[in-house]
Amino acid sequence: MRWTYCIIWFLYVSICESGPLPDPGPVMYGEVQSPQYPGPYPPNLQEQWDLSVPEGFQIRLTFTHLDIEASAGCHYDSLTVLYNGKVLGKFCGQENSADGHHPGNQNILSPGNRLTLVLQTDDGNPERHQNIGFSAQYQAIDIDECSAPEPRSGSGPLCSQICLNTLGSYLCSCYHGYELRQDQRTCVLSCVGGIFDEPEGHLSSPGYPNPPPHAVDCQYVISVESGFIISLNFTENFQIESLDTEEGLSCPYHWLQVAISGREPRKLCGEKSPGLMVTNSNKVTLDYHIDTKGQSNGWSLDYSTERVKCPSPGSVPQGRVTPVLAEYFYRDYVFVRCDQGYKLMMNGYEIDSFSAMCQSNGQWHLPLPECHIIDCGEPEPLLNGGLTFLSGFQNQYRSVVQYHCNEPFYSTLSGDNVSLTCDADRKWRAINDVTLLPTCIPVCGQPTNLLSSYQRIIGGSDAPEGAIPWQTLLTVDGNRGGGMVIADRWVMTAAHVLVNNGVEVATGIIEVDSSRLSTTRVASIHIHPGYNKLDKLQYDNDIALIKLQDRLTFNSSVMPICLPPDGATYTPSIAGLSSGFGITTDREGKQLITNRLQYVRLPVVTQQNCRNSINALKRTNNQVPSLTDNMFCAGVPEGGKDSCQGDSGSAFALRDDGKFWAAGIVSWGVDCGVPGRYGVYTKVINYVDWIRNTMQEN
Ligand code: ARG
């Protein structure tokens, strides 16, 4: 019987003990006696005992006494012993009696774990008998399953190799080198199979090189770390039973199956060694199967592993991929560096460095980056200048740019051209490493349009475009005045022009068109501290500076006049250029205000002639201002050519070395163009220090 049953049986017994139950169930031994034993048994009996012991046991019945009325064939009274309805013995009589059928001291062994006793008695006996019946003991006897004959079903012996009888059951076991199969009955040659995880090893079929016994099912799993691939190297000696079919070799009964995940398993058989098999996988499962017939001598192999290979990483234009190896394996790294002047780019972004690893799947974990040429960005712009590419373009590495000033209105101080190169560190560098931009200095006093001859303001001419580009029109409280540009944020004029507030400044015009007059904003006004604006007859220090809010950009229409150069002289009779939008005369000699810039050429008058002329006037007119050393006269004794009202503040320009310089500022006069009188101008050369200081300090 099976062990599981035993547990149920013991459980059952323990439950039985806890309370009264009708069927006590199987027991290991017991006693049976006829009714009223040891008194004589009653007539007309039909009594039955069903004995049972646990499964896996037989019952041995031993009579201690049997005394039943004897009859032929135990016809009248009998004790019948049955197993499964089959009569094992029918007894009557007494020990050593000649008639009846007495068991003597022989035991009865039941084939199974049950036994039935039936006592039958009749009533037809006239004399009262004195037979006392029977008494028997029974006990459970363990069955020796191992010695049982082989069943006729052809399924072979109970245990194919070793049978061990146990109480109520049996166990099968196998000889050394064999393993018990799942059926717990048959043995199979041990495969020495299992899992092989070393990087290399040796495998062979059971019993190799001798043919193994039949019915082999062995599994070998070679499983190594991912990133490695397994190669199987079969030795020459290979033989697995095969069948020749029309389609070639087939392996219907014996085979060695090689299975790699993701691929169709392959069954090997035949006489030819498969040789070297590179599986490209880190796990291979081998199943060796041999059925109960035929013969295969088996196989043997050495396996080895190598790291997974990645494809060659390739190359990067303008870059270097390192290290350069013949082959790249799992866990190898490559690095990419760009040539000087190039930067690493990946997916449109710049990266600092790049490395990629060969992964266990044989792929690089990143695609190679690109090397793009670097650029230095826009070079710093140059005020009033520009730059040109001497070589290269788009500010790329090694481009060379050269700065220049916007000629002819600006020039470099030193005169040399600064050129910069776009460096590998993305900076614009000068050859001498000093990246100081040039300064573009305004060119002064050199109009692009040179007047061939000078005529009229009173008695002047229309100034052409670009001839007097420093000329400035001032409008102060509705009155007209003049001025001159002397720097990109400075206009010089006469102090008396600015006695009223609200000056408007217009530069670069030759035509006064009030509807289109665009003025520049004034930042501050600086009247010479020595100018007395309360005294109408006082014109000493008639000089002022206007600072503009925005820088002027010089061109052919707007250009500063130079300040008096060192050592400049006011040589009498040398002609200067006087200009302005002031009062002019028409053909009939009638005075009118001009809308066109006028100019006239007037010679410098000696200070003595100037003084004589003024003193003569003073004799008849006490409204004539005084001449000082800060003034000089210009004009012609015959009259007809002069500056006039509205010209005040405009320049009287002298020309030296091809440059016009601001010699005078139109200041005052008594009437205009009258013979024997001259126009009086502020002597600018006396104010050069004040001008420079004022410009510097503001
Ligand atoms: N003071 C006059 C003015 O405000 C300038 C007069 C010049 N006269 C001469 N005759 N130059 O416009």
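Read the numbers this way: they start at 1 and go in the same order the structure lists the ligands and their atoms.
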(request) Please report the closest heavy-atom contact between M346 and P367, naming both atoms and the distance. (result) CE-O, 4.3 Å
(request) Answer yes or no on whether K309 is positioned over the face of Y328, meaning its NZ or CZ is under 6.0 Å from the six-membered ring centre and within 45° of the axis. (result) no
(request) Go through the steps for E380 and K427 under the test salt bridge (charged side-chain N to carboxylate O under 4.0 Å, His left out), then give the verdict. (result) CA-CA 11 Å; E380 209 183 309; K427 295 224 165 64; over 6 Å; no
(message) E225 vs R331, test: salt bridge (charged side-chain N to carboxylate O under 4.0 Å, His left out). Steps then yes/no.
(response) CA-CA 13 Å; E225 204 186 327; R331 285 184 182 151; 2.9 Å; yes
(message) Just to confirm my output: which protein heavy-atom neighbour is closest to atom 2 (C) of ligand 1, and how far is it?
(response) S648 OG, 2.8 Å
(message) Taking a cutoff of less than 4.0 Å between a non-hydrogen atom of the residue and any ligand atom, is G582 in contact with ligand 1?
(response) no
(request) Evaluate the criterion side chain to side chain donor-acceptor pair (under 3.5 Å) for residue pair E511 and N595; output intermediate values, then yes/no. (result) CA-CA 6 Å; E511 183 87 53; N595 278 339; 5.5 Å; no
(request) Give yes if a backbone or side-chain nitrogen or oxygen of G646 is under 3.5 Å from a nitrogen or oxygen of ligand 1, and no if not. (result) yes
(message) Before you tell me yes or no, could you show the steps for S650 and Q471 under side chain to side chain donor-acceptor pair (under 3.5 Å), namely the whole-Å CA-CA distance, both residues' side-chain angles and the distance that decides it to 0.1 Å?
(response) CA-CA 7 Å; S650 298; Q471 181 66 53; 3.1 Å; yes
(message) Suppose we measure from atom 7 (C) of ligand 1 to each protein heavy atom; which comes out shortest, and what is that distance?
(response) W668 C, 3.8 Å
(message) To check your reading of the model: name the closest protein heavy atom to atom 6 (C) of ligand 1, its residue, and the distance in Å.
(response) Q645 NE2, 3.8 Å
(request) Give the numbers and elements of all ligand 1 atoms closer than 4.0 Å to a heavy atom of G679. (result) 11 (N)
(request) Among all protein heavy atoms, pick out the one at the shortest distance from atom 9 (C) of ligand 1; state its residue, atom name and that distance to 0.1 Å. (result) S643 O, 3.1 Å
(message) Run the salt bridge (charged side-chain N to carboxylate O under 4.0 Å, His left out) test on R677 and D671 for me, step by step, so that the C-alpha distance in whole Å, both residues' side-chain angles and the decisive distance to 0.1 Å come before the verdict.
(response) CA-CA 8 Å; R677 299 186 196 171; D671 301 327; 2.8 Å; yes
(request) Could you point out which residue of W690, Y531, W490 forms a ring pair (Phe, Tyr, Trp, His ring centres under 6.0 Å) with H526? (result) W490
(message) So for ligand 1, is D642 a polar contact partner (N or O within less than 3.5 Å, distance only)?
(response) yes
(request) With heavy atoms of D647 as the reference, note each atom of ligand 1 found under 4.0 Å away. (result) 12 (O)
(message) One residue to check: C644. Relative to ligand 1, which of side chain, backbone, both or neither has a non-hydrogen atom less than 4.0 Å away?
(response) backbone
(request) Give a yes/no on ligand 1: does S667 have at least one heavy atom closer than 4.0 angstrom to it? (result) yes
(request) Measure H496 to ligand 1 on non-hydrogen atoms and call it side chain, backbone, both or neither using the 4.0 Å cut-off. (result) side chain
(request) Would you check if the distance from the ring center of Y539 to the ring center of H496 is below 6.0 Å? (result) yes
(message) Under a 4.0 angstrom heavy-atom cut-off, which atoms of ligand 1 come close to D671?
(response) 9 (C), 10 (N)
